[in-house]
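Here is the structure we will look at, set down as C-alpha cells.
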Amino acid sequence: MSETRIVVVGAGVAGLTTALLLSRIAKYNITVAAKHMPGDYDIEYASPWAGADYLPVSAPGTEAAEWDRNTWTELEKLARHSPEAGVHFQDAFIYSRNTDFEGSEGSALGKAMSSDPWYKDIVPNFRKIPKSQLPAGFDDGTCFRSVCINTAIYLPWLTSECLKAGVVLKRGVFGHISEAAHTHHSGQKAELIVNCTGLSAGKIGGVEDKSMVPARGQTVLVRNEAIGIVGGSGTDDGDDEVCYVIPRAAGGGTILGGCYQEGNWDSQFDPNLANRIMKRAVELCPSLTDGKGIEHLSVIRHGVGLRPVRLRGTRIEKEKINGVWVVHNYGHGGYGYQSSYGCSQAAVKLVGEALAVRARL
Ligand code: FAD
C-alpha cells in the first residue's frame, strides 16, 4: 500500500494528539515539526503552562461542546487505565456568585462556571453543594468528578506514544506554513500539512489569522496538596482575575491561578498578582495550608502562559495553500486539553476528506 506523507506543525497538545490519532491509520507516514517540544518552557508554547483540568466552557449544542464531550471519553479512559499518562480523577468544587453572571461584567472563565452546565450529564457524580457548605461570598456551588492532567508528564507521554507508533519528531521553524511540506523525514515533499501552531497562527505566513489574541494566564505551582479542583466564578480584584486550584497527578504539585488577560502579551510574572493569586487560593481552599497564611505555601515556580484564543472560535478546517492541503487545528484558548481529542478527531476526518479529493484529481 502506498504511504501518504503528512507533516504536523506544532508539538503542543493539539499537534501531538492529532499526530497520535493519525498514526493509528496505517497508510499515514507522519513527521511532527515544531519550534518548541515537550520539555521546553517558553511564552510562545502554551501547553506546558496549563493546569490542566476538565471544566468545559463551550456553549450547549455547539460543535465545540461536541468536541469537549468526545474528549471526556478519552481522558476518562486514560485516568482509569493509563496511570503513566499523568491524568488522574479529582473531585471539582465549583463556586459561583450571582454578580458574575449579570450584565457584561465578569471574566470569560468565570462566566463558564455556571451552576447548571450542559456537561452535568457526562461527568460522574454531578451534584449541587448545599448552601450551608458554601464558602463565604458565594451563592451557588456544584461538585463533580473531573480529571487533572500533569502537563509535565502528559506531553512527554503523548510524545512517547507517537514515537512508539513510528512518528518522527524534529525541530523546525517556518515563516510560511507551506514550507513545512519540505521537512518530511522521508526527504520527499509531504502531501498534507496539519497546522497546530496555536497563537502563532496569527503570524505564520499563509495563515496570518487576525482573530488570534493571547489571554495571559499567570500561575503559581506549589508543593501543598488540595482536596480537589477548586474554582470560583469571580473575585473582587477585577474582571480579569479568577481563582482556581488544580492538583496535578503523580507528584506534580498544585497549580494556583490565575487571571485571564485578553490582549496582554507580557511574558514576565507580576509579583503583586502572584500574591493575590496565593491569598485567594488559601482563602477559597484553606486545606492547602491547614488554614494558615500564604507564607505556608511552598512555591516550586511562578508561571506565565498565553492561551491561544481565536475570537471566532477554534478553527478546524481544511484549505489549499500554495497547492498543498492544509488542515487547521488551532485557536483552543483556555480549553486545549479538554477539547484535545474531539478537535483532533475532527481534524483527522478532514485529513481523510482532503486526501480523498486529492486522489480523485
Ligand atoms: P501550543 O502549546 O502553543 O503549541 C504550539 C506549537 O506550535 C509549538 O510546538 C510551537 O513551537 C509550534 N509553532 C508555532 N509556530 C511555529 C512556527 N512558525 N514554526 C514551527 N513551529 C511553530 N486548557 C485546558 O483544557 N484546561 C485547563 O485547565 C487549561 N488551563 C490553562 C491555564 C493556563 C495558565 C494557560 C496558559 C492555558 C491553559 N489551558 C488549559 C489552555 C491550553 O494550555 C491551550 O489551549 C493549549 O495548550 C494549546 O495547545 P496548542 O498545541 O494549540 O498550542
Side-chain angles (χ1 to χ4, degrees), residues 7-19 32-58 67-68 71-72 75 92 109 112 146-149 151 154-155 158-159 169-177 179-180 183 193-208 212 214-221 229 231 242 244-246 248 255-261 267 269 277 302-310 314-315 328-344 347:
V7 173
V8 177
V9 183
V13 66
L16 293 173
T17 310
T18 310
V32 173
K35 184 173 177 186
H36 304 94
M37 290 281 173
D40 298 346
Y41 282 88
D42 194 283
I43 196 65
E44 290 179 26
Y45 187 31
S47 293
W49 301 112
D53 64 7
Y54 185 88
L55 179 61
V57 294
S58 49
W67 296 331
D68 289 341
T71 302
W72 172 259
L75 293 179
L109 273 189
S146 180
V147 292
C148 298
I149 300 164
T151 63
Y154 186 63
L155 293 170
L158 281 175
T159 306
L169 283 92
K170 59 196 277 194
R171 297 274 175 170
V173 183
F174 309 106
H176 194 284
I177 193 71
E179 286 168 25
T183 200
I193 296 164
V194 185
N195 171 25
C196 300
T197 52
L199 191 54
S200 299
K203 293 184 187 148
I204 192 166
V207 185
E208 290 162 287
M212 290 302 297
R216 182 177 178 279
Q218 185 170 317
T219 57
V220 187
L221 179 64
I229 300 165
V242 281
Y244 58 84
V245 171
I246 304 179
R248 283 178 162 181
I255 287 276
L256 313 181
C259 62
Y260 191 91
Q261 300 170 330
S267 63
F269 95 97
I277 288 172
H302 295 271
V304 177
L306 301 180
R307 300 175 181 91
V309 173
R310 184 169 184 261
T314 303
R315 186 175 184 201
H328 300 287
N329 181 7
Y330 68 82
H332 307 91
Y335 41 87
Y337 283 85
Q338 62 201 25
S339 65
S340 56
Y341 283 90
C343 289
S344 299

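Remember, predicted model here, so these are calculated numbers, not experimental data. Counting starts at 1 for both ligands and their atoms, following the listed order. Note that the numbering runs from 1 along the sequence shown for the chain.
Near G10, meaning under 4.0 Å from any of its heavy atoms, are these atoms of ligand 1: 6 (C), 7 (O), 9 (O), 12 (C). Atoms of ligand 1 found under 4.0 Å from any heavy atom of G12, numbered from 1 in the order shown, are 2 (O), 4 (O), 9 (O), 51 (O). The distance from ligand 1 to the heavy atoms of V173 drops below 4.0 Å at these ligand atoms: 19 (N), 20 (C). Those atoms of ligand 1 with a heavy atom of A34 less than 4.0 angstrom away are 9 (O), 21 (N). Atoms of ligand 1 found under 4.0 Å from any heavy atom of Y335 (numbered from 1 in listed order, with element): 23 (N), 24 (C), 25 (O), 41 (C). Ligand 1 places these atoms under 4.0 Å from at least one heavy atom of G172: 19 (N), 20 (C), 21 (N). Below 4.0 Å from some heavy atom of A52 lie the following atoms of ligand 1, by number and element: 26 (N), 27 (C), 28 (O). Close contacts between ligand 1 and V13 involve ligand atoms 46 (C), 47 (O), 49 (O), 51 (O) [criterion: under 4.0 Å to a heavy atom].
Residue K203 qualifies as open at atom NZ: its count of foreign heavy atoms under 6.0 Å is 12 or below.
Residue, atom and distance of the protein heavy atom nearest to atom 51 (O) of ligand 1 are A14 N, 3.1 Å. The closest protein non-hydrogen atom to atom 43 (O) of ligand 1 is A50 CB, 3.3 Å. Of the protein's non-hydrogen atoms, D53 N, 2.9 Å is the one closest to atom 28 (O) of ligand 1. For atom 10 (C) of ligand 1, the closest heavy atom belonging to the protein is H36 ND1, 3.7 Å. Ranking the protein heavy atoms by distance from atom 37 (C) of ligand 1 puts R307 CG, 3.6 Å first. Nearest protein heavy-atom contact of atom 53 (O) of ligand 1 is G198 CA, 3.8 Å. Looking at atom 5 (C) of ligand 1, its nearest protein heavy atom turns out to be C196 O, 3.7 Å. Here the protein heavy atom with the shortest distance to atom 19 (N) of ligand 1 is F174 N, 3.0 Å.
Checked options Y41, Y45, W49; the residue passing with H36 is Y45 (criterion: ring-ring contact (aromatic ring centres under 6.0 Å, His included)).
When side chains are defined from C-beta on, V9 does not count as touching T183, because their heavy atoms never get closer than 4.5 Å. Proximity of Y260 to V309: side-chain heavy atoms (C-beta onward) are separated by under 4.5 Å at one or more points. No side-chain heavy atom of L55 sits less than 4.5 Å from a side-chain heavy atom of Y244. Residues I255 and C148 are not in side-chain contact: their nearest non-hydrogen atoms beyond the backbone lie 4.5 Å or more apart. Contact annotation: the side chain of P56 approaches that of Y54 to within less than 4.5 Å [non-hydrogen atoms, C-beta and beyond].
Across A14 and H332, no two heavy atoms sit closer than the pair CB-CE1, 3.7 Å. Of all heavy-atom pairs between S340 and T17, the closest is O-CG2, 3.9 Å. Taking all atoms of both residues into account, the shortest heavy-atom contact from A33 to V7 is CB-CG1, 4.3 Å. G342 and T71 make their closest contact through N-OG1, 2.9 Å (heavy atoms, listed as atom of the first residue, atom of the second, distance).
With G15, G336, A11, S47 as candidates, the residue nearest to atom 49 (O) of ligand 1 on a non-hydrogen basis is S47. Summarising the contacts of atom 15 (N) of ligand 1 with S340, G258, A215, S200, the nearest heavy atom is found in S200.
Contact annotation: G257 has no heavy atom less than 4.0 Å from any atom of ligand 1. Between G334 and ligand 1 there is a heavy-atom distance shorter than 4.0 Å. Heavy atoms of Y45 approach ligand 1 to within less than 4.0 angstrom. Under a 4.0 Å heavy-atom criterion, L199 is not in contact with ligand 1.
Counting only N and O atoms by type, the side chains of D53 and S146 include no donor and acceptor under 3.5 Å apart.
The main-chain N or O of V13 is found under 3.5 Å from a side-chain atom of S47 such that the two form a donor-acceptor pair.
When only interatomic distances are considered, the shortest N/O to N/O separation between Y244 and ligand 1 does not fall below 3.5 Å. At least one N or O atom of A46 sits closer than 3.5 Å to an N or O atom of ligand 1. Considering both main-chain and side-chain atoms, I204 never comes within under 3.5 Å of ligand 1 through any nitrogen or oxygen pair. In terms of polar-atom proximity, defined here as any N/O pair under 3.5 Å, K35 does make such a contact with ligand 1. For ligand 1, the polar-atom distance check against N329 finds no nitrogen or oxygen pair separated by under 3.5 Å.
Y335 OH to C343 SG: the interatomic distance, rounded to the nearest 0.5 Å, is 8.0 Å.
Using cut-offs of 30° and 60° on the angle between ring planes, the pair H302 and F269 is parallel.
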Applying side chain to side chain contact (heavy atoms under 4.5 Å, CB included), run through R248 and T151 and close with a yes or a no.
CA-CA 8 Å; R248 283 178 162 181; T151 63; 3.0 Å; yes
